[in-house]
Amino acid sequence: MADDGMLLNFELPSDAFTPKPSQFKGGRWKDRLTARKSAEWGRSKAQERASGKTPKYGQVVSDEEELIHADAPAAKRAKTSNDEVARPSFPRPEPRAGGRPASQREALPKSTNGEVISSLFTYNPETKVPASAPAEVDDTSIVPSNAPLSDKLATFTNLGLSTILAGHLLNKMDIKAPTAIQRRSLQQLCAEDRDAFVQAETGSGKTLAYLLPIVQRISAISKEMKATGQGFNRKSGLFGMVLVPTRELAKQITAVLERLLSCCHWIVGGIVIGGESKSSEKARLRKGVNILVATPGRLVDHFDNTEVLDLSKVRWLVLDEGDRLMELGFDNDIQKIVSVLNLRSRKAQDVIIPGLPERRTTILCSATIEADVERLKSIALKDPVLIAVESSDRATGEGETGKKQEFSAPAQLKQSYAIVPAKQRLVTLVAVLRQAFKRKGTTAKCIVFMSCADSVDFHFEALANDPLETIPDAANSDQPSVPKQSRTDKIPQGDTIAESRTQAGAKSFSNPDNSVKLFRLHGSMQQAIRTSTLKAFSACVEPAVLVCTDVASRGLDLPNVDLVIEYDPPFSKEDHVHRIGRTARAGKDGRAMIFLQPGCEEAYVEVLAQGQPHTLTRHTGDELLKKGFAATSGIVVGREWEDRATDWQIGSERWAIESPKHLEQARRAYQSHIRAYTTHVAAERAIFDIKQLHLGHLAKAFALRDKPGSIRVPGSRPGKEASGKNSEARKKFAAKHAAKRTKGAGELDVPDTTDEREARKRMRVALRARGGVSEFNLG
Ligand SMILES: Nc1ncnc2c1ncn2[C@@H]1O[C@H](COP(=O)(O)OP(=O)(O)OP(=O)(O)O)[C@@H](O)[C@H]1O
């Protein structure tokens with residue numbers, strides 16, 4: 001009877017830990033029988049445990065044995081002199097000093113519903129890789145790899161920019177010196193009319209790397225036109241076009257362009273993207289634009305239907321995020337755009353514009369050079385020059401013509417990984433966020449990446465809730481767990497979850513001194529909501545967390561993000577680098593943490609380490625929980641943190657059970673998460689092996705007490721919204737991902753570049769035909 005390091009030296013009756021049999025009255029005979037049997041089962045289990053038949057920690061047990069069956073009434077606690085209580089039976093990994101005894105935590109809400117409740121701290125798989133001593137890393141030796149150059153000679157004016165533009169960058173945009181990639185691109189694109197392939201790290205300023213030379217060159221043309229008495233205005237011609245894969249990116253680039261052009265207001269920029277009114281776009285094009293930002297599908301549409309669009313003077317074509325353009329299947333659209341431009345382009349002397357280059361320069365920007373990008377190169381570029389950055393370029397601005405670079409994260413980005421068992425995932429996420437936002441100013445903004453839209457919806461609601469606000473004293477095991485009438489096994493179907501809020505207070509990890517805002521974003525939200533959410537997150541001056549899918553992983557420049565958490569691992573190494581690249585931008589510091597489960601997932605550490613100049617920091621679930629659930633004073637007393645973490649978990653499970661909406665969200669998220677898990681790229685599928693996932697443990701990370709086999713949510717996800725019409729690109733995205741990832745893949749919650757609903761339908765059909773599951777939402 002020794003437990004928790006205390007010997008309970010009292011003589012106790014032999015049935016001290018056996019609850020009295022209850023009388024079952026009322027209701028139907030069937031219900032009474034079920035209740036009686038269930039209680040008998042509970043009693044026999046309790047006796048088994050009391051007689052020491054329970055497995056020892058570490059001993060292999062079946063799932064059923066491992067779970068504390070909620071039907072088993074919590075054993076009565078024996079009063080002790082110091083009011084401590086004896087644990088009922090469940091073994092713990094190590095003796096506890098301090099903290100509430102296990103009995104109190106494990107005296108979880110009684111259930112009459114066959115649910116199972118397991119302890120957070122028992123029967124978790126052991127980590128395979130023992131922790132090694134942390135390597136000493138001298139932070140001061142880390143040179144940011146995407147920062148502006150410190151070389152005094154590397155000024156914008158020295159690189160060919162006009163004093164007006166350089167002054168505007170300095171005074172209005174707070175940009176003092178070029179980054180290495182900007183230096184290289186200005187040197188090349190201001191001097192030569194040759195196609196170029198631009199490759200650089202995330203956050204290295206690629207947008208200005210191509211916009212600056214284009215604006216500079218058009219500004220020079222405008223000067224010559226004015227000098228020859230022609231004058232220059234928005235009707236003088238469309239000279240530059242920028243194609244991007246998503247609407248969000250198009251808007252972001254347009255915003256940068258507009259800021260840039262405010263110093264030369266006679267040059268006019270414009271945007272055409274899906275989801276906007278075509279007639280107002282036509283009207284804008286009719287008025288005239290000199291630089292146009294567009295998504296490929298919508299541009300092709302205007303090619304076909306907007307006669308006023310004069311393409312004869314286009315001399316710069318940028319394909320930004322080339323790898324994503326190909327991934328989303330825009331190759332045909334781009335092919336068409338390139339051939340129409342070739343066809344309609346007229347010679348400079350024919351259009352009588354002084355200074356207009358003879359030929360068009362096409363600039364392809366891509367983080368990676370996969371086979372896809374090679375294909376895009378062959379479609380759009382002729383004899384391109386590579387504009388890339390070598391390590392020698394970074395600090396000094398010196399170096400030779402760039403060579404193809406390995407796609408890696410910025411050097412100053414501090415990466416870590418956390419080995420967290422499945423059961424502890426949710427509560428550990430809360431612990432990490434609590435710690436990150438413990439004090440005002442420690443973290444400004446954080447992005448948490450999840451694998452699918454359903455998971456984002458569930459976690460948004462779970463993190464917006466503070467389960468400790470409502471949890472009754474866990475010691476009081478007589479508390480009814482859940483009001484009976486609110487319990488439900490019948491999951492409402494259809495559109496029951498309103499696609500409502502996208503912002504909330506982050507109650508689960510805010511504290512009185514530091515209140516944190518929570519946002520959510522995924523590809524199944526309406527375009528207008530996505531845009532306003534991103535805007536609100538960017539503009540938020542309070543600490544904020546964005547829970548999102550990969551829809552926010554590419555190209556988005558969200559200010560002041562200093563922490564990225566990959567709660568669900570990325571689907572490929574490239575996705576990982578893009579995700580973590582939302583922090584540590586333009587030379588700033590940044591941190592990234594990825595959650596991995598003990599076992600085969602630990603092999604991902606090697607993938608993370610590739611191209612990483614510094615040691616990855618390793619954390620364990622326990623270590624993070626200890627910090628995140630320490631007392632407010634910060635002093636860790638014994639294992640009290642276990643109690644707090646357990647209380648939080650229990651509270652969350654109750655919160656989920658108490659509301660049909662939350663329960664449905666949790667179950668749907670769990671299902672979609674598992675489906676998404678099967679879609680890692682083939683090369684990494686041995687690391688993220690669905691067969692190794694402990695589904696029962698995983699359910700706990702979704703605040704579920706259901707047995708895995710009983711979690712089935714029929715129908716498509718509620719609140720699923722459509723926007724726009726179909727495009728070829730979306731069809732191809734489906735086919736491509738189906739091929740690239742796995743047979744088991746379902747619906748991909750891809751960034752809604754153009755037309756989501758139809759594409760989703762096609763994706764589903766295509767995947768079903770391949771024997772895949774019906775749906776989930778990545779993106
Ligand atoms: N020369 C510079 N000095 C300081 N800040 C800069 C400079 N150039 C760009 N920035 C800032 O750096 C940030 C990242 O720029 P940008 O979005 O163009 O990066 P990127 O290379 O396109 O990143 P990604 O690969 O993630 O799309 C922006 O906030 C931008 O204002």
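One-based numbering, in listed order, for ligands and for the atoms of each.
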(message) For the residue pair Asn514 / Glu542, report whether a side-chain donor-acceptor contact shorter than 3.5 Å exists.
(response) no
(request) Please confirm whether Tyr604 and Phe688 have ring centers closer than 6.0 angstrom. (result)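 Judged by ring-centre distance (under 6.0 Å), Tyr604 and Phe688 do meet the cut-off.
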(request) Decide if the gap between the ring center of Tyr567 and the ring center of His459 is smaller than 6.0 angstrom. (result)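 So the answer is yes for these two rings.
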(message) Testing Gln412, Arg585, Lys206 one by one against Asn146 for a side chain to side chain donor-acceptor pair (under 3.5 Å), which residue passes?
(response)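 Of all the options given, the one that passes is Gln412.
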(request) Could you name the protein residues that come within less than 4.0 Å of ligand 1, counting only heavy atoms, and order them by chain and residue number? (result)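 Under the 4.0 Å cut-off, ligand 1 touches Pro148, Ile175, Ala177, Pro178, Thr179, Gln182, Glu201, Thr202, Gly203, Ser204, Gly205, Lys206, Thr207, Leu208, Glu321, Gly555, Asp557, Arg582, Arg585, Ala586.
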Sequence neighbours left out, cut at 3.5 Å: what donor-acceptor pairs do the side chains of residues 210-222 make with other protein atoms?
from: Tyr210; atom 1: OH; to: Asp320; atom 2: OD2; distance (Å): 2.8
from: Gln216; atom 1: OE1; to: Ser162; atom 2: N; distance (Å): 2.9
from: Arg217; atom 1: NH1; to: Leu189; atom 2: O; distance (Å): 3.0
from: Arg217; atom 1: NH1; to: Asp193; atom 2: OD1; distance (Å): 3.0
from: Arg217; atom 1: NH2; to: Asp193; atom 2: OD1; distance (Å): 2.9
from: Ser222; atom 1: OG; to: Ser219; atom 2: O; distance (Å): 2.6
from: Ser222; atom 1: OG; to: Trp266; atom 2: NE1; distance (Å): 3.1

(message) Just checking Lys251: does its NZ atom have more than 12 heavy atoms from other residues, nucleotides or ligands closer to it than 6.0 angstrom?
(response) yes
